[in-house]
Amino acid sequence: MRDERLFVDFAGVTLPSPIGVGAIATFMGSSIPDEDVAKILLKSAEAGAGYINVGALCSLPEDYVKRKKREVASEEWQQIIRKHFGGRPVRRWMKDGEGCFLHRLGALTPYGIPIEGFAKSLELKMPIIKMLMEKKPEDVPLIANIEAAGDPESFAIASRRAEEAGFDMIEINVSCPFFATVSGNVKAFLDGKFIFSNMGAIMGDSPEFLEEVVKEVVKEVSIPVGVKLTPETGFPRVVEIARRVKKAGASFISTANMGVTIPPPDIYNRGKTTLPFTDGNPFIGYGGEPLRPIVRKHVAAISMFVPELDILAMGGLMNAEHIIQVIMLGAKATGQCAAIFFKGIRYLKAELEFIRKFMEEQGYNSIEEMRSVGVKELRMADEAVDIAAKASIDENKCTLCKTCVDNICAALYVENNKVKVSERCIGCGLCVIVCPAKAIKLVPA
Ligand SMILES: Cc1cc2nc3c(=O)[nH]c(=O)nc-3n(C[C@H](O)[C@H](O)[C@H](O)COP(=O)(O)O)c2cc1C
Ligand code: SF4
Ligand code: SF4
């Protein structure tokens, strides 16, 4: 039995709940077999997910790829791809602090050695897609995450084929961190040109190019189209990007994909990488906790400046409270990967239970009501009103560790073995956040 209070109207499609699993690419021969991904996705729908997203789908006719390759692929570029990936899919994980994963995925591009595998991933995954269509609950829409080549036409072709295959929505993936950090792509970007290669996050952070991609895709399909952003896009550039994709006909934005980073060097081993079983320290993707502030920024900026676009927020949403937070900033739907990796699919069910109970307790009758209440509170930096406050110290809790005094604030001092607050206190709250004993709070000035 569905709980209608959790329904959301997302880009004109009704989702039975605002949560789901973000796109997870699988490539032939990688460590997560496609069948298992299908089972995982079905399990997520059973647990209450409001949509199913099938990651990294591409579909380009062979003659098209051959033609493009002849037209634009330099021998130099093909050599780079061979050198870097050698046709063998690479997947490696490590943890970088609580709730943060680093992930290396040896990308296969339309020029990569198993070119057929990538350019035909939609066709190759059809058995799995059919299984999803047959077994998923009828009211759970299927989103095709389209990852094509470095030209708008390829996205249009692949999107049309995804619609023909029965998908309900298109999510244009122009935000892969792996493609963005391939040396050939970085060189092309620095040379100021796009090449017929998937350039990942470089494409997603290039407003003109992105606008063209969306225009071409929207022309080709009749289902809702959205764009998955990269967390590499900053503020206020994200607003420009949102405006352009809206103008080009997109109805939603998903934010965000993994970001780009590099593993910490092993300082006790001459700077070698800490990424296991890897020689050389490579740029890789990261997800989880550190993405959350970036995603909040994207969501709030888009909902303030381009409110006509629906938002699917993801990146560092580790629990139901994080989900509610981004909804209150303007997201209509949400996605999670890191939380699912660390806590399992069953966690979705617990989160939905939490959200249901939360809505009851707080008196919200719908997700939309919760969303609009939060959005009303959004302000630019100069528009929020500061309420005068000052620090107050609970002497019973203070352990006299002196962290707050031995800091950057000149308003705190020790007198008779007690921490005191002088008149110079401006109520900034730094001492509150640094006190290990939670002995300081702000009170009205
Ligand atoms: C193994 C793996 C594969 C992914 N594949 C895709 C993909 O194919 N398409 C996509 O748009 N995002 C992909 N992502 C990004 C996630 O959907 C998500 O945006 C990202 O992990 C941030 O969310 P999180 O912090 O909850 O993990 C992938 C992430 C991981 C870890
Ligand atoms: S940081 Fe907290 S516990 Fe330490 S001296 Fe300041 S008030 Fe006391
Ligand atoms: S609130 Fe700010 S100014 Fe006041 S005592 Fe604490 S750190 Fe200093």
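By convention here, the first residue in the shown sequence is residue 1. First listed ligand is number 1; within each ligand, the first listed atom is number 1.
- The nearest protein atom to atom 4 (Fe) of ligand 3, hydrogens excluded, is given as C425 SG, 2.4 Å; this is a heavy-atom distance.
- No donor-acceptor pair under 3.5 Å is formed between the side chain of N257 and the backbone N or O of T230.
- For ligand 1, the atoms closer than 4.0 angstrom to any heavy atom of F101 are 21 (O), 27 (O), 31 (C).
- Tested against W93, the residues F341, Y286, F277 include a single ring pair (Phe, Tyr, Trp, His ring centres under 6.0 Å) partner, F341.
- In this structure, OG in S222 is found 12.0 Å from CZ in R160, a value given to the nearest 0.5 Å.
- Which parts of ligand 2 touch P436 is read off a 4.0 Å heavy-atom cut-off, strictly below it: atoms 1 (S).
- Atoms of ligand 1 lying under 4.0 Å from any heavy atom of G316, numbered from 1 in the order shown and given with element: 24 (P), 25 (O), 26 (O).
- Residue N145 has at least one heavy-atom neighbour below 4.0 Å for each of these atoms of ligand 1: 7 (C), 8 (O), 9 (N), 10 (C), 11 (O).
- Atom-to-atom distance recorded for E171:CD and I143:CD1 is 6.0 Å, nearest 0.5 angstrom.
- Atom CD of residue Q336 and atom CG of residue L317 lie 6.0 Å apart, to the nearest 0.5 angstrom.
- Of the candidates G315, A256, C337, the one placing a heavy atom closest to atom 19 (O) of ligand 1 is A256.
- Residue K228 places at least one N or O, backbone or side chain, under 3.5 Å from an N or O of ligand 1.
- For E208, the CD atom counts as densely surrounded, since its 6.0 Å shell holds more than 12 non-hydrogen atoms of other residues, nucleotides or ligands.
- Below 4.0 Å from some heavy atom of G55 lie the following atoms of ligand 1, by number and element: 8 (O).
- Heavy atoms of L291 found under 4.0 angstrom from ligand 1 belong exclusively to the side chain.
- Per-residue contacts place A56 under 4.0 angstrom from the following atoms of ligand 1 (heavy atoms of the residue considered): 8 (O).
- Checked options P231, P177, C176; the residue passing with V260 is P177 (criterion: side-chain contact (heavy atoms from CB on, under 4.5 Å)).
- Contact annotation: I24 has at least one heavy atom less than 4.0 Å from an atom of ligand 1.
- Considering backbone and side-chain atoms alike, H103 places every N or O at 3.5 Å or more from each N or O of ligand 1.
- Separation of atoms CD1 (I302) and NZ (K246) is listed at 12.5 Å; rounding is to 0.5 Å.
- Short contacts between ligand 3 and I426, defined as distances under 4.0 Å to a heavy atom of the residue, involve ligand atoms 3 (S), 4 (Fe).
- For the atom pair L42 CG and E134 CD, the distance stands at 10.5 Å (nearest 0.5 Å).
- Rounding to the nearest 0.5 Å gives a distance of 7.0 Å between OG1 of T273 and CD1 of I284.
- Under the 30°/60° scheme for interplanar angles, the aromatic rings of F358 and F354 are found to lie parallel.
- Taking every non-hydrogen atom of Q336 and a distance limit under 4.0 Å, the qualifying atoms of ligand 1 come out as 26 (O).
- At the top of the distance list for atom 2 (Fe) of ligand 3, counting protein heavy atoms only, stands C428 SG, 2.3 Å.
- With N407 contributing its side chain and C409 its backbone, the two residues share no donor-acceptor pair below 3.5 Å.
- Closest heavy-atom approach to atom 16 (C) of ligand 1 among the candidates A23, G200, G22, G285: A23.
- When atom types are taken as modelled, the side chain of R292 and the backbone of G316 share a donor-acceptor pair closer than 3.5 angstrom.
- Atoms of ligand 1 found under 4.0 Å from any heavy atom of F341 (numbered from 1 in listed order, with element): 31 (C).
- Proximity to G288 (heavy-atom distance under 4.0 Å) selects the following atoms of ligand 1: 24 (P), 25 (O), 27 (O).
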Given the rule in the side chain to side chain donor-acceptor pair (under 3.5 Å) test, do T233 and D205 qualify, once you have shown the distances and angles that lead to the verdict? CA-CA 6 Å; T233 296; D205 195 39; 2.7 Å; yes

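- Side-chain atoms of D168 come within 3.5 Å of backbone N or O of L142 as a donor-acceptor pair.
- Proximity of F178 to ligand 1, defined as any heavy-atom pair under 4.0 Å, is not found for any part of the residue.
- Taking a 4.0 Å cut-off on heavy atoms, F342 fails to register as neighbouring ligand 1.
- The heavy atom nearest to atom 27 (O) of ligand 1, considering only G287, G204, A338, is found in A338.
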Test D394 against S392 for side chain to side chain donor-acceptor pair (under 3.5 Å), laying out the working first. CA-CA 7 Å; D394 183 339; S392 164; over 6 Å; no

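- Here atom 6 (Fe) of ligand 2 has protein N, O or S atoms under 2.8 Å from it, and they come to 1.
- Of the candidates A389, G429, C409, it is G429 that places a heavy atom closest to atom 1 (S) of ligand 3.
- For T255 (side chain) and A313 (main-chain N/O), no donor-acceptor pair under 3.5 Å exists by modelled atom type.
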